[in-house]
A.B. asks: 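Quick one: this structure, given as structure tokens, is what I'll be asking you about.
Just so you know, these numbers come straight off a predicted model, no measurement behind them. Order of the sequence lines fixes the chain letters, A, B, ..., with proteins taken first and strands second; residue numbering starts at 1 for each chain.
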Number of protein chains: 2
Amino acid sequence: MNGPAADDHSPWMPFESRRRARDEKREAVLRTAVHLFLEQGYHRATLNDVAERLNITKPALYNYFRSKEEILFECWALGQEQVDDIIAGINVSGENGLGKLRALVRAYAATMATEFGASMVRFNPRDLSPENEKTVRAAKRGIDQTFRRYIADGVADGSIKPCDPKLTAFAIAGSLNWIGHWYQRDGALSPGAIADEFAMRLTEGLATRSIKKKSALEAPDGNNSRKRPKGGHHEHHPRPAARAADQPGRAGHRLRRPPT
Amino acid sequence: MNGPAADDHSPWMPFESRRRARDEKREAVLRTAVHLFLEQGYHRATLNDVAERLNITKPALYNYFRSKEEILFECWALGQEQVDDIIAGINVSGENGLGKLRALVRAYAATMATEFGASMVRFNPRDLSPENEKTVRAAKRGIDQTFRRYIADGVADGSIKPCDPKLTAFAIAGSLNWIGHWYQRDGALSPGAIADEFAMRLTEGLATRSIKKKSALEAPDGNNSRKRPKGGHHEHHPRPAARAADQPGRAGHRLRRPPT
DNA sequence: CGCTTATATTACTCACGGGTAATAAAAAGT
DNA sequence: ACTTTTTATTACCCGTGAGTAATATAAGCG
């Protein structure tokens, strides 16, 4: 952010470009890792596998991460970051309870169709260090509470029929989380279609007034999803330093070099 | 079943009692194993842990199972057996599509609140041998198709509103499967209450005519579930040999000794 | 060009845990 | 009581894979 207007004589430019290259490599590791972890499971996928796929060798990975466990955690964190952003956006949207719930369902469904999103629900927190496990569990609790809050808000403002927020949140979040288990990125269903369909199906039983269904199955790819679900290249912007979400904890140390 | 009327002089009696004792030990292993596998994850839980909890040593386990993988598979199979029974019962019930779907949702929810039921969705099929993995995937496909069939039946007979059976089945099964991830057996929610609530919540949006809700949350334990959700002792009868469900494959070799 | 720092490699350590003898202790059967 | 079978134990093997030197190569950078 403090970068001087980069001509080409600046002695700082190479520094920055080096850092950027490093960050790109870090992300490449995470993308390969999350793919293999999802495909084979965390314990069956070895760091040799990850390295081999990147055309390097295992010890090279330790230039970017302290341990396999840290890689696992960082994969999860990238998914969690997406969700934090989604929630932060909805919180300032000024919608009523039902509107916020629908927005969350839709965006969360699209996230679950990404590999980092799926990692949030397919990785086992028990495989993390005690400290990271606590962070993950706190974040999961935060998501659950957000669902419940939106539902309770909707009941309070009259947009959602009276119901038990706890079990209703479980039912909705369950459907969404399950996407991470069955969704095949090479399958027939587009993330947009899934997100639209789930947003409709999961909330139609809750609305106090009937929903105007627009035959969601026919729209193969709505242009209305805030985050592009699957662009060919750099799947998500290079992250402008840390980003503070309003939700619980998570130390904001995105992208730091561990070894030195 | 060919047992002679056992007085007390029969020389066959000890044989039977021996077999029974063996089967009880086998099941004890599976109950301990499924508990630890769910608690710590399959790879973190060691056979030493399992054995220690049974007050024996690791090699003793090999009198009952060929490998750790076989234990994993048998845990899954016990859960799958419950589901097969449920489906077989519903298939001959003569209900309409919505009725069958509701019955399945209710019984499946209760199963997910058991450890063997949860193992069906928390274990990773990739940890099984190729052959067993195929069996598991076929069974999963069978369950999915049953959900879709009941929904399609309901649409055909007019009890369910027109909808996409595939995505609707995903949404419902997702909610139910997720129970296996969050349900705490020592928590406040009883399996019966969850089953009732989910059966209501997940199908109310589908019914062509409005549902007569009876405030399901207040009924802590309905007496109407065909299988008792959680009896204190012998969780399921000693299994009268093999049991053939109508669904796909699974070799019916329950309870055989591997070594000899 | 030399000095320093980042990045990668080869070759290794080592704990962990599934699985296997070899063998002892019970039970069952005769 | 003697034999056989079942069930368990102790003591080991050994493949695997995370993580670590020691070291080579390449890239800033004055």
Side-chain angles (χ1 to χ4, degrees), chain A residues 6 8-29 32-33 36-37 40-74 127-129 255-260, chain B residues 8-29 32-33 36-37 40-73 127-129 255-260:
Chain A
D8 68 288
H9 64 285
S10 165
W12 293 101
M13 196 41 193
F15 263 31
E16 277 306 311
S17 110
R18 195 141 101 181
R19 281 186 63 94
R20 194 162 51 83
R22 184 184 173 84
D23 292 354
E24 273 161 17
K25 288 186 203 162
R26 237 183 102 96
E27 268 195 38
V29 171
T32 304
L36 289 177
F37 290 172
Q40 313 185 15
Y42 175 65
H43 287 94
R44 296 177 65 89
T46 72
L47 289 188
N48 275 324
D49 295 338
V50 175
E52 192 177 21
R53 234 197 235 205
L54 292 162
N55 295 315
I56 55 176
T57 56
K58 179 177 59 170
L61 295 174
Y62 285 82
N63 276 316
Y64 304 100
F65 301 94
R66 274 188 188 75
S67 64
K68 190 185 187 188
E69 185 264 337
E70 189 181 65
I71 295 178
L72 184 72
F73 178 74
E74 294 293 330
D127 289 327
L128 295 167
S129 71
L255 277 182
R256 258 212 342 245
R257 58 174 58 140
T260 307
Chain B
D8 66 276
H9 63 283
S10 165
W12 294 101
M13 197 40 193
F15 262 35
E16 276 306 312
S17 109
R18 193 140 101 180
R19 281 186 61 95
R20 195 161 51 84
R22 183 182 173 83
D23 291 355
E24 273 162 16
K25 289 186 201 163
R26 238 182 101 96
E27 266 196 40
V29 172
T32 303
L36 289 177
F37 290 172
Q40 312 185 16
Y42 174 65
H43 287 96
R44 296 177 65 88
T46 71
L47 290 187
N48 276 324
D49 294 338
V50 175
E52 191 177 21
R53 214 174 258 215
L54 292 162
N55 295 318
I56 56 176
T57 57
K58 178 176 62 173
L61 296 174
Y62 285 82
N63 276 318
Y64 305 100
F65 301 94
R66 275 187 189 76
S67 64
K68 192 185 186 188
E69 184 264 337
E70 188 181 67
I71 294 177
L72 184 72
F73 178 74
D127 290 326
L128 295 166
S129 71
L255 276 184
R256 259 210 342 244
R257 59 172 61 138
T260 310

A.B. asks: Can you sort out which residues in residues 44-53 of chain A have a heavy atom within less than 4.0 Å of DNA chain D? Ascending by number, please.
C.D. replies: A/A45, A/T46, A/L47
A.B. asks: Quick one, B/Y42 and B/K68 - any side-chain contact, counting heavy atoms below 4.5 Å?
C.D. replies: yes
A.B. asks: Take the protein atom CZ of A/R22 and the nucleotide atom C1' of D/dA26, then report the distance between them rounded to whole Å.
C.D. replies: 16 Å
A.B. asks: Can you name the nearest heavy-atom pair linking A/A33 to A/I71, along with the distance?
C.D. replies: CB-CG2, 3.6 Å
A.B. asks: Please assess B/F37 against B/R44 for the test side-chain contact (heavy atoms from CB on, under 4.5 Å), listing each intermediate value before the final yes or no.
C.D. replies: CA-CA 8 Å; B/F37 290 172; B/R44 296 177 65 88; over 6 Å; no
A.B. asks: Rounded to the nearest 0.5 Å, what separates atom CG in A/L72 from atom CG in A/D127?
C.D. replies: 6.5 Å
A.B. asks: Thinking salt bridges, do A/E52 and A/K58 make one under a 4.0 Å N-O criterion?
C.D. replies: no
A.B. asks: I need the B/Y62 OH to B/E70 CD distance, nearest 0.5 Å.
C.D. replies: 10.5 Å
A.B. asks: Rounded to the nearest angstrom, tell me the gap between atom NE2 in A/H43 and atom C1' in C/dA15.
C.D. replies: 15 Å
A.B. asks: To the nearest Å, how far apart are B/Y64 OH and D/dT6 P?
C.D. replies: 12 Å
A.B. asks: What is the distance from CG of A/L72 to P of D/dG17, rounded to the nearest Å?
C.D. replies: 17 Å
A.B. asks: For the atom pair CZ (A/R22) and OH (A/Y64), what is the distance rounded to the nearest 0.5 Å?
C.D. replies: 6.0 Å
A.B. asks: CD of B/E69 versus C1' of C/dG18: gap in Å, rounded?
C.D. replies: 13 Å
A.B. asks: Please confirm whether the shortest side-chain N or O distance from B/K25 to OP1 or OP2 of D/dA8 is below 4.0 Å.
C.D. replies: yes
A.B. asks: Could you state the CG-C1' distance from A/N63 to D/dA21, rounded to the nearest angstrom?
C.D. replies: 14 Å
A.B. asks: Mind listing the closest non-hydrogen atom pair of B/T57 and B/A51 along with its distance?
C.D. replies: C-CB, 3.5 Å
A.B. asks: Just how far, in rounded Å, is P of C/dG17 from CZ of B/F37?
C.D. replies: 13 Å
A.B. asks: List, with names and distances, any nitrogen or oxygen atoms from the protein found under 3.5 Å away from nitrogen or oxygen atoms belonging to nucleotides 23-25 of chain D.
C.D. replies:
none

A.B. asks: For DNA chain D, what residues of residues 54-61 of chain B have any heavy atom nearer than 4.0 Å?
C.D. replies: B/I56, B/T57, B/P59, B/A60
A.B. asks: A/K68 NZ to D/dG19 P: how many Å, rounded?
C.D. replies: 8 Å
A.B. asks: One pair to check against side-chain contact (heavy atoms from CB on, under 4.5 Å): A/V29 and A/T32. What are the steps and the verdict?
C.D. replies: CA-CA 5 Å; A/V29 171; A/T32 304; 6.0 Å; no
